[in-house]
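Here is the structure we will look at.
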Amino acid sequence: MRKIILVILISVFAFAEMEFADPQPTFDNPRKWVIKLRTDDPLTVNHLLSSIYNVLAEYPSDAINITVVTYASGVRVLRKDYVNTVATTRIKSLMQYDVEFISCRNTMKTMKWKEDEFIDDIGYVQAGIVEIIEKVTAGYIEVTPY
């Protein structure tokens, strides 16, 4: 009997729909999420990318805007020669879903890196931390899933 109840409970929760807070996320009023990425640790990067995929799966199409701002060693993740090629493929895939990836020019300058060393179609800002501050001021929620 306990097994049957457990199976029923799991079934109910597995197929429960997400209840979004008001105002509901829509194309005209999307949720806005900014993520800071300041490490190039492959496990952390893969966890972050998986979290983005999970969030995209929960929201209706075009009802969430996601921006990943990299600075410090996190900038390395956006380089074409990043050691974790699976992550690079996943980043390119997420960009197809309009997830924006931004690199900090201050870090690039310190490391003597040039734009042609980075994945195509990423964005650039002078200071990554300033970009995060401005995104939060503009209504983005800053959640870092690691």
Side-chain angles (χ1 to χ4, degrees), residues 7-146:
V7 169
I8 292 171
L9 286 175
I10 290 173
S11 298
V12 168
F13 289 114
F15 297 105
E17 288 189 34
M18 180 70 192
E19 289 189 35
F20 297 109
D22 287 325
Q24 298 288 308
T26 64
F27 175 79
D28 293 327
N29 187 30
R31 297 292 191 254
K32 298 181 286 186
W33 179 24
V34 64
I35 306 163
K36 62 183 175 188
L37 178 57
R38 59 185 181 92
T39 181
D40 63 348
D41 171 64
L43 289 175
T44 302
V45 171
N46 281 322
H47 176 76
L48 179 139
L49 297 173
S50 293
S51 296
I52 294 171
Y53 278 109
N54 291 341
V55 169
L56 286 171
E58 289 297 319
Y59 281 92
S61 181
D62 297 322
I64 185 163
N65 295 338
I66 302 172
T67 301
V68 179
V69 180
T70 65
Y71 62 96
S73 62
V75 170
R76 184 180 314 275
V77 174
L78 299 180
R79 288 179 49 89
K80 291 176 182 174
D81 64 353
Y82 179 52
V83 66
N84 186 346
T85 57
V86 171
T88 301
T89 301
R90 294 176 81 196
I91 288 168
K92 290 177 182 177
S93 171
L94 285 168
M95 291 171 71
Q96 297 299 311
Y97 291 94
D98 295 324
V99 176
E100 181 180 25
F101 288 85
I102 296 175
S103 179
C104 172
R105 288 189 189 278
N106 288 339
T107 300
M108 291 169 61
K109 182 179 177 184
T110 300
M111 301 302 290
K112 297 179 176 43
W113 291 337
K114 305 291 181 215
E115 284 186 22
D116 64 351
E117 298 174 284
F118 288 81
I119 298 170
D120 294 336
D121 301 322
I122 65 167
Y124 300 91
V125 295
Q126 191 60 45
I129 294 173
V130 172
E131 181 68 7
I132 294 166
I133 292 167
E134 291 304 309
K135 289 284 190 189
V136 169
T137 302
Y140 277 69
I141 297 169
E142 192 267 309
V143 177
T144 302
Y146 57 87

Quick one: pull up [atom1] in [X] and [atom2] in [Y] and give me the separation to the nearest 0.5 Å.
X      : Y      : atom1 : atom2 : result
Ile132 : Thr137 : CD1   : OG1   : 11.5 Å
Leu56  : Tyr97  : CG    : OH    : 8.5 Å
Glu58  : Arg31  : CD    : CZ    : 13.0 Å
Leu49  : Asn54  : CG    : CG    : 11.0 Å

Which pair of heavy atoms, one from [X] and one from [Y], lies closest together, and at what distance?
X      : Y      : result
Ala127 : Cys104 : CA-SG, 4.0 Å
Ile119 : Met95  : CG2-SD, 4.3 Å
Leu48  : Lys36  : CD1-O, 4.4 Å

Are any side-chain N or O atoms of [X] and backbone N or O atoms of [Y], one a donor and one an acceptor, separated by less than 3.5 Å?
X      : Y      : answer
Asn46  : Pro42  : yes
Ser93  : Thr89  : no
Glu134 : Glu131 : no
Tyr82  : Asp40  : yes

*Mind checking side-chain contact (heavy atoms from CB on, under 4.5 Å) for Lys80 and listing every partner two or more places apart, or none if nothing turns up?*
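Partners of Lys80 by the side-chain contact (heavy atoms from CB on, under 4.5 Å) criterion, ordered by chain and then number, come out as Asp120.
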*Please list, chain by chain and in numerical order, all residues satisfying side-chain contact (heavy atoms from CB on, under 4.5 Å) with Thr110, sequence neighbours excluded.*
none
*Cut-off 3.5 Å, side chains only: do Arg76 and Thr107 have a donor facing an acceptor?*
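No.
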*Will you find, in the side chains of Thr144 and Glu142, an N or O donor that is under 3.5 Å from an N or O acceptor?*
yes
_Salt-bridge contact Glu115-Arg105 (side-chain N to carboxylate O under 4.0 Å)_ =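 A salt bridge links Glu115 with Arg105.
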_Test: Asp81 and Arg79 ion pair at under 4.0 Å_ =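 A salt bridge links Asp81 with Arg79.
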*For Asp22 and Gln24, run side chain to side chain contact (heavy atoms under 4.5 Å, CB included): C-alpha distance rounded to whole Å, both residues' side-chain angles, the deciding distance at 0.1 Å, then the answer.*
CA-CA 5 Å; Asp22 287 325; Gln24 298 288 308; 3.1 Å; yes
Would you give me the side-chain donor-acceptor pairs under 3.5 Å for residues 62-75, sequence neighbours excluded?
unit_1: Thr67; atom_1: OG1; unit_2: Glu100; atom_2: OE1; d: 3.1
unit_1: Thr70; atom_1: OG1; unit_2: Ile102; atom_2: O; d: 2.9
unit_1: Ser73; atom_1: OG; unit_2: Arg38; atom_2: O; d: 3.1

*Checking side chain to side chain contact (heavy atoms under 4.5 Å, CB included) for the pair Ile91/Leu78: CA distance, chi angles, key distance, verdict?*
CA-CA 8 Å; Ile91 288 168; Leu78 299 180; 4.1 Å; yes
Using side-chain heavy atoms (C-beta onward) and a distance below 4.5 Å, is [X] in contact with [Y]?
X      : Y      : answer
Ile35  : Val143 : no
Met108 : Asn106 : no
Ile52  : Trp33  : yes

*Mind checking whether Tyr59 and Phe20 have ring centres under 6.0 Å apart?*
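Yes.
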*Would Phe101 and Val77 satisfy side chain to side chain contact (heavy atoms under 4.5 Å, CB included), going step by step from the backbone distance to the final call?*
CA-CA 10 Å; Phe101 288 85; Val77 174; over 6 Å; no
